[in-house]
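To start, the structure under review is shown below, and the notes come after it.
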Amino acid sequence: MVKIRLKRLGAKKRPCYRIVVQDSRKPRDGTTIEEIGTYQPVTQTEGNQVTVDMERAKYWISVGAQPTETVKKILSKNGLNK
């Protein structure tokens, strides 16, 4: 099963995430199919927290990829209504 989920990067207590398309059987930080965005929860400005390629997200959802709960919230805040 293919999922759209977060891949953790960054230093200790300064997380940075990539929004990735990945096989659900792979480990969280393992190999990915495609990276479609970033999420930085610890930033000074509110507007720079999320960047997502919405066309690719719509494509992956249309072919059956399931977003996790966190990614679903991020995508809905950025205009993707499933």
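Here the structure is a predicted model, which means the values were calculated and not measured.
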Is the shortest heavy-atom distance from the side chain of Val21 to the side chain of Ile36 under 4.5 Å? yes
Do you know which two heavy atoms are closest between Ala57 and Ile4, and how far apart they sit? O-CD1, 4.4 Å
Test side-chain hydrogen bond (donor to acceptor under 3.5 Å, both in side chains) applied to Glu34 - qualifying residues, sequence neighbours left out: Arg56, Trp60
I'd like to know if Tyr59 and Val71 are part of one continuous hydrophobic network [Ile/Leu/Val/Met/Phe/Trp/Tyr, side-chain heavy atoms within less than 4.5 Å]. yes
With rounding to the nearest 0.5 Å, note down the distance linking CG in Leu75 to NZ in Lys58. 10.5 Å
Taking all non-hydrogen atoms of both residues into account, name the closest pair between Lys3 and Thr68 and its distance. CD-CG2, 4.4 Å
For Glu69, what residues pass the side chain to side chain contact (heavy atoms under 4.5 Å, CB included) criterion, not counting sequence neighbours? Lys72
State plainly whether one hydrophobic cluster holds both Val52 and Leu9, where clusters connect Ile, Leu, Val, Met, Phe, Trp and Tyr through side-chain heavy atoms under 4.5 angstrom apart. no
Do Ile33 and Val2 come close enough that some side-chain heavy atom pair is under 4.5 Å? yes
With sequence neighbours left out, which residue pairs that include part of residues 6-22 fulfil the side-chain hydrogen bond (donor to acceptor under 3.5 Å, both in side chains) condition? Arg5-Gln22, Arg18-Glu35
Non-hydrogen side-chain atoms of Asp23 and Met1 separated by less than 4.5 Å: no
For Pro41 and Pro15, which heavy atoms make the closest approach, and how far apart are they? CD-O, 3.8 Å
Closest heavy-atom pair and its distance - Thr38, Ile19: O-CD1, 4.1 Å
Value for OG1 (Thr70) from OH (Tyr39), rounded to nearest 0.5 Å, stands at 8.0 Å
Determine, using the 4.5 Å side-chain heavy-atom cutoff (strictly less than), whether Ile61 and Val20 are members of one ILVMFWY cluster. no
